[in-house]
Protein chains: 2
Amino acid sequence: MSSHAPIGRKVTLNDIAAGCDVSRATVSLVLRGSPLVNKRTRARVEDELRRQGYVYNRAAANLRRRSSSSIALILNDLANPFFAEFAAGVDEALGAAGFVTLLGCTGESASREQAVLGSLLEHGPGGIILSPAEHSNAHDVLAVVGRRAPLLLFNRELGGTLPEFAHWDQLMLDNQHGARLATEHLIARGHRRIAFFGGHHDSSSCRQRHAGYVEAMHTARLRTEPDWRIECAPTRLDAAHRTSALFDATYVPTAAVCYNDAVALGLMLGLRQRGLRPGQDFALTGFDDIAEAALGMPSLTTLSTAPHERGRQAAQLVMQRLQQPQAASHQTIAPVQLVVRESSCPPPTA
Amino acid sequence: MSSHAPIGRKVTLNDIAAGCDVSRATVSLVLRGSPLVNKRTRARVEDELRRQGYVYNRAAANLRRRSSSSIALILNDLANPFFAEFAAGVDEALGAAGFVTLLGCTGESASREQAVLGSLLEHGPGGIILSPAEHSNAHDVLAVVGRRAPLLLFNRELGGTLPEFAHWDQLMLDNQHGARLATEHLIARGHRRIAFFGGHHDSSSCRQRHAGYVEAMHTARLRTEPDWRIECAPTRLDAAHRTSALFDATYVPTAAVCYNDAVALGLMLGLRQRGLRPGQDFALTGFDDIAEAALGMPSLTTLSTAPHERGRQAAQLVMQRLQQPQAASHQTIAPVQLVVRESSCPPPTA
DNA sequence: AGTTACATTTGGATCGTTCTAATCGGGCAA
DNA sequence: TTGCCCGATTAGAACGATCCAAATGTAACT
């Protein structure tokens, strides 16, 4: 337990009460806009509040009322624009409802996630929005969170099985359907040999997107070769490095469904380094629709996930849960939308 | 004052005390690792804490101790990767020191900034890190913050004069020097007609960068034409649109110092749309060194500001201030570093 | 006048912690 | 036996708000 900052003398309800000769209770009623209090006293009290520069002490109020006015937002990677926009959306909706956002970043480390969860819980958040770190698992999260605050899982599922009584809400993207849309789009453009590029095997979103890709291929009666699935870290840099793996395949693909936009942009770079023009000699799609997707050369066909809107939605879901703590847990799957741009050209031979 | 979420029954010090037959005070001492308490009782208490799944109530402790364990972080634009990385850095350093980050986004609106400041202050943060919205001014900020928490200004100065007694700390980037370095670099490459592209006149960082540019030009005895300064919003899109203004100038420039990376990337796009190859037919530099700068086509010569590191630094500065509330206010100017990449080619005729 | 009704105000307990000063038991010197 | 010190423990009052039941004042009605 670390030492913390002392605070200067603050103006309290007692000061106000003394200052305009009413009781502490009356001032409290004024603050909360109670209809019980007389017009004239209300005006007097409000003047005094202004005069002394009073600021409400929410911590004290929450203690007495056994309520909370904050929500914890725990993210695996704030530096990723997708999560940054998500966070902005969360904060916007929470702020509008009078809640404050307690931020915590885990940097994809499950152990930091434990620490951050523990630390934020001490501040008594009313709820938690958690985008889990990569190897986080249900058991550990449950151990620290318990029943102390309702939890909304965002974006990723947790490893391990979660016990019966832990009914956590979920907000996920429709990864499978999105990847299916992208794949079907490439097929419609005439591609037959399509790879699935990037992402890690053990990430739930990657598995789902891959499943959507497989689904589309099989529905179209197209084969999927094992060496058409190329793993790499979901970063531009690693994607660029792994580009060559595409062309080492027995049957060289003419297009790739990429795990996300970062990977797709990295792949574009890798293609150029091999003298290929993405969007002309090779087709590809992304996932996320980050800002750069629209402005690239070529612009990137991708799936729009509207992270800001997802953030607002996540905030709504937790706040809804707060009002109905006993309602059955809810799984929301947010739709994604295919945005067709230049990168998904027809195959060169067609 | 809005209604907030009720909280389930919590385990308190009293529960623990009753559970292992000691007083509340003793349990409190155990929690804070006091040497006063006997080994055997400490062990007993610690067992009981675990058994009942106790979590510390920091709000109650802070109330009694009149201390704070949180810092407010108020940002004008979290969706901007520069600020997102900054926020991650702040949270990392704060978390390591046992503080929690109260997040607030203003979306470049001065009135929302007022509201957010007011709301966060009610939670009694120990300090505030503020990256002001564009038209925010010292008077309004002072009115709501007052002496209630020490403030660290980041990245932008506030409009208006700030009164004598409000001694706020500052952490700024060395904008002027950075722009000067970029301009000198272009001059050394042989450019003579260099424009300053992007940003808004009334932003302090833009003024400073422009001043650095002018300084370098004058030191090299080069002229600066009025129509070599082109204003636009600091976004890719607007920068792309304003590209033509460069070529409407009486003396068409061969290079441009851009307000930031976003603008530079937008300008690249605009150049390509005119059939010019950035980094070959026209040279340009950015500012910020965002992730995409290194991976662009061509890669972008720019000024590295290390936003993550700046975030950690900002956190350190506030925490330092908390320990010495009376020390004189401090202005820190963080160095920036020129990163030379492909976009700053020599002029085509040279 | 006595009673009731209503609008307004208030004292005191309370939330979960920390702090201060007091208490306790026991060993040891006088 | 008394007195004193010492380590270990604790009762009770804070912190700044809310809540509840009770008190106050005024007007209206019988």
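So that the names make sense, note that chain A is the first sequence line, chain B the second, and so on, each numbered from 1.
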Test salt bridge (Lys or Arg N to Asp or Glu O under 4.0 Å) applied to A:Asp47 and A:Arg50, step by step:
CA-CA 5 Å; A:Asp47 280 350; A:Arg50 254 188 303 277; 3.2 Å; yes
Integer-rounded Å distance: [N] [atom2] and [X] [atom1]:
X: B:Leu29; N: C:dA21; atom1: CG; atom2: C1'; result: 14 Å
X: B:Tyr56; N: C:dT18; atom1: OH; atom2: C1'; result: 8 Å
X: A:Arg32; N: C:dT8; atom1: CZ; atom2: C1'; result: 15 Å
X: B:Asp21; N: D:dT9; atom1: CG; atom2: P; result: 12 Å

Have [X] and [Y] got a donor and an acceptor in their side chains that come within less than 3.5 Å?
X: A:Ser28; Y: A:Arg24; result: no
X: B:His123; Y: A:Ser69; result: yes
X: B:Asp169; Y: B:Ser329; result: no
X: B:Thr26; Y: B:Ser23; result: yes
X: A:His308; Y: A:Glu92; result: yes
X: A:Asp91; Y: A:Thr101; result: yes

Under 4.0 Å, heavy atom to any atom of DNA chain C: which of residues 33-42 of chain A qualify?
A:Leu36, A:Val37, A:Asn38, A:Thr41
Short side-chain N/O contact to D:dT10 OP1/OP2 from B:Thr26, under 4.0 Å
yes
Can you see if the side chain of A:Ser28 gets near the phosphate of D:dA17 - specifically, an N or O under 4.0 Å from OP1 or OP2?
no
Residues in side chain to side chain donor-acceptor pair (under 3.5 Å) with B:Asn38, at least two apart?
none
Using the test side chain to side chain donor-acceptor pair (under 3.5 Å), find all partners of B:Ser204 that sit at least two apart in sequence or belong to another chain.
none
At under 4.0 Å between heavy atoms, which parts of nucleotides 11-16 of chain D does protein reach? Answer with one letter per nucleotide, 5' to 3': B base, S sugar-phosphate only, - none.
BBBBBB
Protein-nucleotides 24-27 of chain D N/O pairs under 3.5 Å:
none

As an exercise, state the distance from CZ of A:Phe154 to CD of A:Gln313, rounded to the nearest 0.5 Å.
9.0 Å
Run the side-chain donor-acceptor check on residues 70-80 of chain A: report pairs under 3.5 Å with partners two or more places apart or on a different chain.
| residue | atom | partner | partner atom | Å |
| --- | --- | --- | --- | --- |
| A:Asn76 | OD1 | A:Ser131 | OG | 2.8 |
| A:Asn76 | ND2 | A:Glu108 | OE2 | 3.0 |
| A:Asp77 | OD1 | A:Ala79 | N | 3.1 |
| A:Asn80 | OD1 | A:Phe82 | N | 2.8 |

